[in-house]
Amino acid sequence: MPTEVNIFCGKIPHLIIFLRNKQALRLFSSSSTDSSTIANLVAKQHWSKLKTHLQNTNPKALLHQLLTSEADSELTLRYLTWSQKEFKLSHSLELTFRTLHSLACAKKYSKIRSFLDNFVKNEKNYSVSSIFHAISVGGDSFCANSIIVDMLVLAYVKNLKTHLGYEAFRRAGDYGFKLSVISCNPLLSALVKELEISKMEVVYKEMIKRRIGPSLISFNVVINGLCKAGKLNKASDVIEDMKVWGVSPNVITYNTLIDGYCKMGKIGKMYKADATLKEMVANGICPNEVTFNILIDGFCKDGNVSAAMKVFAEMQSQGLKPNVVTYNSLINGLCCDGKFGEATVLWDQMIGLGLKPNVITYNSLINGFCKNKMVVEASDSFNDMPKQGIAHNVTTYNILIDGYCKAGRIEDAFAVRITMMGRGICPNVSTYNCLIAGLCRKGDVEAAWNLMDEMVGKDLRADVVTYNILIDSLCSKGESRKAMRLLDEMSRKGLKPSHVTYNSLMDGYCNEGNLRAALNVRTRMEKGGKQANVVTYNVLIKGFCRKGRLEDANKLLNEMLEKGLVPNRMTYEIVREEMIEKGFIPDIEGHLFNV
DNA sequence: CTAGGGTTAG
């Protein structure tokens, strides 16, 4: 008995409080007038009065009381939220979700939504599994629980906790709760934004399995995700899935697919893009300005600005008006090619149409100047921006910094960094990457490492590109083994090595004459889910040629073509210098080398 | 909650 304990310990005041509490509780639970008084105080939000009433009561017991009584669920929630703040106590998950359950039964969904929104923001300590346990024991209506879980997933996703949203989605399946597209579509979309494509595929497959009828938007998001991952075949298969579900593709579906083909690094990609366009028209879907913009940008990035100009003309003949995006793609394409005269014509044309160049238009122009070693012109355009009422953004500064670095003017590049900070623009990872690359090119790896340390202090984390720069720098100095250690370090930090990472390492080993090590890197790359690309083949072909293994180089060349990869200028140069000049005629279709 | 344009690494 507590009474005895208290007497033994001589803690008389505690004993008194204990008895008063007990008495108050008993009074409260036996008297209905008291219950309605409390409810009334909660309803009117008379918190200070309620606090006086509660002096002798256990706040947790009151919540329990409200839940078991006929109290209005909204009042219970109001009390729950207030008492959490007031007494700094966290009610058990079970009571919390019982409250939400009663709200769901009363169809007060917006209350649940806002509660869960705060809940996932603040309650960092609860695991998804403990929440699911609380939900399943806290309420008996399967339907109400499903709605709560649906809103929980949505709350996680909206608060940028996609991984938790994904976990909740999976657990919902284990518990058999039925989710809806209201939470699944934002989840799919968030997974695509974070490039978590394999997780996205899991969600998509589960949606079909659990009969959460995917909507047009679900399909479009999934197609976009698969395109971003380069899985174009799977993306076309989704179109077939749509037919099964009786959902018709719309202009966005086709545009997404066309863009996917445009950005794919394979032979005949623009042909496939064009074929998809024809298929779209055959299915009665009319191309819009976005369709044309995608094709124009695709041709520009393919190094075929004249084809882009033809599409541009076609777009206008179909009565579609070019917009800023159209002009930006074309101006960017022309500037990268150094065709500033033609770019200027388009620039004036867009202004004549009443379209205003924006920060991206300027960035394209400045980038073109920088890439063509015209730093003075770049700087002039940069200075023109504020006069035209266009603010520089972090990308503008990064382009200029990179331009100065590549022109060998590192000091000027660092000066630009000072300027941007003075104007309240924070350097980001790319800013540091440009500078680090500049220092590496100069051979000052010491300073590059110091900059990397500085990033940590500014709450910036080195990314894949940072590591790629350092790895490549080490490899080109013949320190491939050191570079391999960086590969391990980036994996430890959860960064996924890219094609560039592996290709630099292979190049490093090839230049050291260590083909075996280079091939081991390729194996590791494939285990990491990356297939050899054009650069991989170029590196390896060159490596084999240098060792005089022309037959093996030839095999690689054929393998690359069989995979539909497009040989680039580098491929031709390697083959010409290393194979043809040594009297070896590559056993591949000759027309490919007529460039 | 769905599609298009600009920077850094091979």
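Chain identifiers are assigned alphabetically (A, B, ...) following the order of the sequence lines, protein sequences preceding nucleic acid strands; residue numbering begins at 1 within each chain.
Nearest nucleotide to the side chain of A/Lys158, out of B/dT2, B/dC1, B/dT7: B/dC1. Between B/dG6, B/dT8, B/dA9, one nucleotide has an atom nearer to the side chain of A/Cys434 than all others, and that is B/dT8. Comparing B/dC1, B/dA9, B/dT7 against the side chain of A/Asn468 picks out B/dA9 as the nearest. Comparing B/dA3, B/dT2, B/dT8 against the side chain of A/Val290 picks out B/dA3 as the nearest. When each of B/dG6, B/dA3, B/dT7 is scored by its nearest atom to the side-chain atoms of A/Lys301, the top-ranked nucleotide is B/dG6. Listed nucleotides: B/dG6, B/dT2, B/dT8. Nearest to the side chain of A/Asn220: B/dT2. Nearest nucleotide to the side chain of A/Thr396, out of B/dG10, B/dA3, B/dG6: B/dG6. Between B/dA9, B/dG6, B/dC1, one nucleotide has an atom nearer to the side chain of A/Ile360 than all others, and that is B/dG6. Among the nucleotides B/dT8, B/dG10, B/dA3, the one closest to any side-chain atom of A/Asn224 is B/dA3. Ranking B/dG10, B/dC1, B/dT8 by closeness to the A/Lys371 side chain, first place goes to B/dT8.
Among the protein residues, A/Asp507 comes within range of no part of the nucleic acid, since none of its heavy atoms lies under 4.0 Å from any strand. Looking at heavy-atom distances under 4.0 Å, A/Asp463 makes no contact with the nucleic acid at all. Nucleic acid contact for A/Val539: none, since no nucleic acid atom lies under 4.0 Å from a heavy atom of the residue. Using a 4.0 Å heavy-atom distance criterion, A/Val535 is classed as a base contact. At the heavy-atom level, A/Ser498 lies under 4.0 Å from base atoms of the strands shown. As judged by a 4.0 angstrom heavy-atom cut-off over every strand, A/Ser364 is placed among residues touching the sugar-phosphate backbone only. Within the nucleic acid shown, A/Asn393 comes within 4.0 Å of at least one base atom, counting heavy atoms only. Heavy atoms of A/Val324 sit under 4.0 angstrom from at least one base atom.
Rounded to whole Å, the distance from CD1 on A/Ile239 to P on B/dA3 is 15 Å. If you take CG of A/Asn398 and P of B/dA9, they are 11 Å apart, rounded to a whole angstrom. Whole-Å rounding puts the A/Asp402 CG to B/dT8 P distance at 6 Å. When rounded to the nearest whole Å, the span between CG of A/Leu295 and P of B/dA3 equals 17 Å. Atom CG in A/Leu365 sits about 13 Å away from atom P in B/dT7, given to the nearest Å. In this entry the distance linking NZ of A/Lys193 with C1' of B/dT2 reads 9 Å, nearest Å. To the nearest angstrom, C1' of B/dT7 lies 18 Å from OH of A/Tyr362. Note: CG (A/Asn433) to P (B/dT8) measures 11 Å, nearest angstrom.
The side chain of A/Lys228 contributes no N or O atom lying less than 4.0 Å from OP1 or OP2 of B/dT2. Proximity of A/Lys406 to the phosphate of B/dA9: a side-chain N or O atom is located under 4.0 Å from OP1 or OP2. An OP1 or OP2 oxygen of B/dG6 is reached within less than 4.0 angstrom by no side-chain nitrogen or oxygen of A/Asn367. Side-chain N/O atoms of A/Lys263 include none lying less than 4.0 angstrom from OP1 or OP2 on B/dA3.
Taking A/Tyr362 as the reference, A/Trp347 meet the ring-ring contact (aromatic ring centres under 6.0 Å, His included) condition, with sequence neighbours excluded.
Side-chain atoms of A/Asn288 and base atoms of B/dA3 include a donor and an acceptor less than 3.5 Å apart.
With respect to the salt-bridge test (charged N to carboxylate O, under 4.0 angstrom), the residues A/Asp488 and A/Arg524 qualify. Ion pairing between a basic and an acidic side chain is recognised when a charged N comes within 4.0 Å of a carboxylate O; A/Arg522 and A/Glu526 show such pairing. Salt-bridge formation is not detected for the pair A/Asp117/A/Arg113: no Lys NZ or Arg NE/NH1/NH2 atom is positioned less than 4.0 Å from an Asp or Glu carboxylate oxygen.
Counting only N and O atoms by type, the side chains of A/Ser329 and A/Asn332 include no donor and acceptor under 3.5 Å apart. Side chain to side chain, A/Asn503 and A/Asn533 meet the donor-acceptor criterion of an N or O pair below 3.5 Å. Using modelled atom types, one finds no donor on one side chain facing an acceptor on the other under 3.5 Å when comparing A/Thr256 with A/Asp259.
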